[in-house]
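All residue numbers refer to positions in the sequence shown, counting from 1. No experiment lies behind these values; they were computed from the predicted model shown.
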Amino acid sequence: MDVGFGRNKKEQLEPVRARVTGKIPTWLQGMLLRNGPGMHTVGETRYNHWFDGLALLHSFTIRDGEVYYRSKYLRSDTYNANIEANRIVVSEFGTMAYPDPCKNIFSKAFSYLSHTIPDFTDNCLINIMKCGEDFYATTETNYIRKINPQTLETLEKVDYRKYVAVNVATSHPHYDAAGNVLNMGTSIVDKGKTKYVIFKIPATVPEDRKKGKSPLKHTEVFCSIPSRSLLSPSYYHSFGFTENYIIFLEQPFKLDILKMATAYIRGVTWASCLAFHREDKTYIHIVDQRTRKPMPTKFYTDPMVVFHHVNAYEEDGCLLFDVVAYEDSSLYQLFYLANLNQDIEEHSRLTSVPVLRRFAVPLHAAQDAEVGSNLIKLTSTTARALKEKDNQVYCQPELLYEGLELPRINYAHNGKRYRYVFAAEVQWSPIPTKILKYDILTKSSLKWEEEHCWPAEPLFVPTPGAEDEDDGIILSAIVSTDPQKPPFLLILDAKSFAELARASIDVDMHLDLHGLFIPDADWDARKQTPSQEAWDRASDCHGAPQT
């Protein structure tokens with residue numbers, strides 16, 4: 001099987017029309033916009049880690065039963081510098097680059113010790129964020145890049161630090177009912193403190209303050225949580241959210257700041273400064289959105305690594321939250337390209353299996369409860385919260401499902417009681433082989449799979465006016481390991497998981513990470529699409545490869 005993780009992908013700059021089999025629902029009009037690594041070698045140099053690859057945006061525009069595909073590399077400063085030099089000159093997390101080999105060790109030391117935290121890459125390869133009327137490619141540094149969703153053109157570079165003091169930020173923000181963006185990042189050794197900062201970007205700018213200003217200029221710090229360690233803050237990829245609370249897991253997967261500050265002159269990667277401390281606890285911080293302060297009770301659980309929160313909601317005085325958890329950080333190690341392209345099955349067996357875990361936290365920890373007593377009285381879960389001395393509560397999760405990742409939900413139920421998780425099933429391999437619909441209530445599941453097919457993160461799009469949580473469709477970009485089988489956009493009925501349609505494209509499509517669906521109703525799509533002439537050219541090709 002040709003894994004092909006390290007192979008560079010070609011852009012598809014002009015829209016190409018897909019071959020559609022089956023029938024696409026007439027109401028499905030809009031664009032699926034996705035992001036992920038697409039280039040892993042530049043000249044004679046090669047990235048070490050799959051997550052380091054240069055960002056390749058791609059989109060599926062669905063219009064009147066037809067699908068058009070295009071892709072384009074994000075023209076980040078990182079991309080431009082690398083291409084101009086014809087080698088990797090900007091460091092990524094798993095790959096340290098040395099732009100000027102003529103510089104001696106002393107000049108390197110001077111430039112990199114002049115500030116504690118080095119300037120990071122703007123290779124925004126993880127997700128797409130909607131902010132007001134704008135869209136941004138995002139990663140986990142302080143940079144995001146504005147993009148044009150229709151043309152995939154790269155626009156201005158935005159530094160979060162101009163608006164909020166964070167050195168890194170997540171690629172998984174939350175959106176409230178008004179469209180405001182809630183995200184969090186880490187402020188490292190700022191004024192002698194390291195803290196986790198939750199910040200809010202308004203969906204709109206007040207009329208009297210507009211004057212063409214971006215909502216980013218009105219970013220406000222919502223709350224901050226002190227790090228337990230000044231020089232070893234926790235790594236995190238996402239966080240939880242309900243109407244009244246924010247859930248942050250301070251896990252024992254930590255970044256050593258002193259090692260990071262000297263990584264360049266020591267000739268090691270920033271990733272080598274991340275370490276899992278299995279002797280430590282995972283601390284559960286609950287922020288009350290009404291007071292903007294963390295709850296005083298110290299909640300904790302066993303050491304674990306969580307990349308993706310699934311959902312959270314409140315029930316009868318308790319806060320329930322679901323995460324995909326690993327027993328250690330071995331997944332990150334697995335995605336080094338050397339491990340992916342040689343003996344991948346053997347390396348996979350050494351990787352911790354992702355498990356869907358449900359935690360329950362009492363919102364009113366009983367002060368008079370006996371030590372050792374379970375503070376969770378819900379019948380809907382077996383998760384427990386055991387009272388301990390010194391205002392501490394140990395949280396023991398309910399294990400719901402083993403072997404899933406890239407979870408998505410019907411976002412209308414975000415922060416609310418919900419029933420269904422849509423995810424990629426991975427089992428003992430990091431490669432998704434199936435699309436899964438897991439029913440939390442009945443503990444049952446539905447699956448889609450096809451030989452030689454690797455599905456991307458499944459994205460749920462609700463039917464207009466839908467009342468049932470699973471009334472809608474699932475979209476997933478499918479990459480084939482069979483060279484005779486072109487990649488395709490899969491469209492499933494979310495209720496039955498029956499295939500409704502697929503749109504095959506004769507292109508070299510990449511494995512992506514995350515993205516979003518932009519319904520036509522959310523913007524004036526017809527005015528922003530490429531010219532009719534461009535669409536006509538794409539239609540004339542009928543899926544033929546474009547060069």
Parallel, tilted or perpendicular: rings of H174 and F241 (30°, 60°): parallel

Plane angle bin for H49 and Y336 - parallel if under 30°, tilted between 30 and 60°, otherwise perpendicular: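 The rings of Y336 and H49 stand perpendicular, inter-plane angle above 60°.
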
Any chance [atom1] of [X] has more than 12 other-residue heavy atoms, nucleotides or ligands included, within less than 6.0 Å?
| X | atom1 | value |
| --- | --- | --- |
| E220 | CD | yes |
| K23 | NZ | no |
| E133 | CD | no |

Taking the side chain as everything from C-beta on, heavy atoms only, tell me whether [X] gets closer than 4.5 Å to [Y].
| X | Y | answer |
| --- | --- | --- |
| V421 | D322 | no |
| I201 | N183 | no |
| I518 | F135 | yes |
| I505 | F60 | yes |
| L28 | V461 | yes |
| S504 | T21 | no |
| F93 | D52 | yes |
| L446 | L436 | no |

Salt bridge check: are [X] and [Y] linked by an N-O gap of less than 4.0 Å?
| X | Y | value |
| --- | --- | --- |
| K146 | E156 | yes |
| K495 | D471 | no |
| E11 | R75 | yes |
| E425 | K434 | yes |

Kindly give the heavy-atom pair with the smallest separation between [X] and [Y], and that separation in Å.
| X | Y | result |
| --- | --- | --- |
| A55 | Y73 | O-CD2, 3.3 Å |
| K130 | L516 | N-CD2, 4.2 Å |
| P25 | I473 | CG-CG2, 4.1 Å |
| K10 | S71 | O-OG, 3.8 Å |
| P486 | S480 | O-CB, 4.5 Å |
| P202 | N180 | CA-OD1, 3.3 Å |

Is the centre of the [X] ring less than 6.0 Å from the centre of the [Y] ring?
| X | Y | result |
| --- | --- | --- |
| Y313 | H413 | no |
| Y196 | F248 | yes |
| Y332 | F307 | no |
| H514 | H308 | yes |
| F335 | W50 | yes |

Stepwise side-chain contact (heavy atoms from CB on, under 4.5 Å) test for V287 and R292: CA-CA 6 Å; V287 175; R292 299 194 176 193; 5.6 Å; no

With A325 via side chain to side chain contact (heavy atoms under 4.5 Å, CB included) - residues at least two apart: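 With neighbours one apart ignored, the set is M304, V306, V323, R357.
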
Counterpart residues, side chain to side chain contact (heavy atoms under 4.5 Å, CB included), relative to D288 (two or more places apart): Y245, R290, T291

Enter the distance from [X]:[atom1] to [Y]:[atom2] here, rounded to the nearest 0.5 Å.
| X | Y | atom1 | atom2 | value |
| --- | --- | --- | --- | --- |
| I24 | L500 | CD1 | CG | 9.5 Å |
| R408 | I474 | CZ | CD1 | 9.5 Å |
| R34 | D512 | CZ | CG | 4.0 Å |
| H285 | C223 | NE2 | SG | 10.5 Å |
| Y236 | L249 | OH | CG | 12.0 Å |
| M31 | R63 | CE | CZ | 9.5 Å |

Residues in ring-ring contact (aromatic ring centres under 6.0 Å, His included) with [X], at least two apart?
| X | value |
| --- | --- |
| F321 | F359 |
| Y420 | none |
| Y160 | F199 |
| F222 | none |

Between [X] and [Y] (side chain of the first, backbone of the second, donor and acceptor by atom type, cut-off under 3.5 Å), is there such a pair?
| X | Y | result |
| --- | --- | --- |
| N127 | S171 | yes |
| R70 | Q150 | yes |
| T121 | E92 | no |
| Q289 | T242 | yes |
| D468 | D470 | no |
| N167 | N142 | no |
| H58 | M509 | no |
| R358 | L399 | no |
| R17 | Y68 | no |
| Y143 | T138 | no |

Worked verdict on I246 versus F239 for side-chain contact (heavy atoms from CB on, under 4.5 Å): CA-CA 7 Å; I246 294 167; F239 61 102; 3.8 Å; yes

Distance-only donor-acceptor check, side chains N123 and S76, under 3.5 Å: no

Check against side-chain contact (heavy atoms from CB on, under 4.5 Å), Y79 and L74: CA-CA 7 Å; Y79 174 94; L74 185 76; over 6 Å; no

Worked check of side-chain contact (heavy atoms from CB on, under 4.5 Å) between I126 and N35: CA-CA 6 Å; I126 297 178; N35 198 355; 5.8 Å; no

side-chain contact (heavy atoms from CB on, under 4.5 Å), paired with P432, selected from V479, V426, I478, L511: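 Of V479, V426, I478, L511, side-chain contact (heavy atoms from CB on, under 4.5 Å) with P432 is met by V426 alone.
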
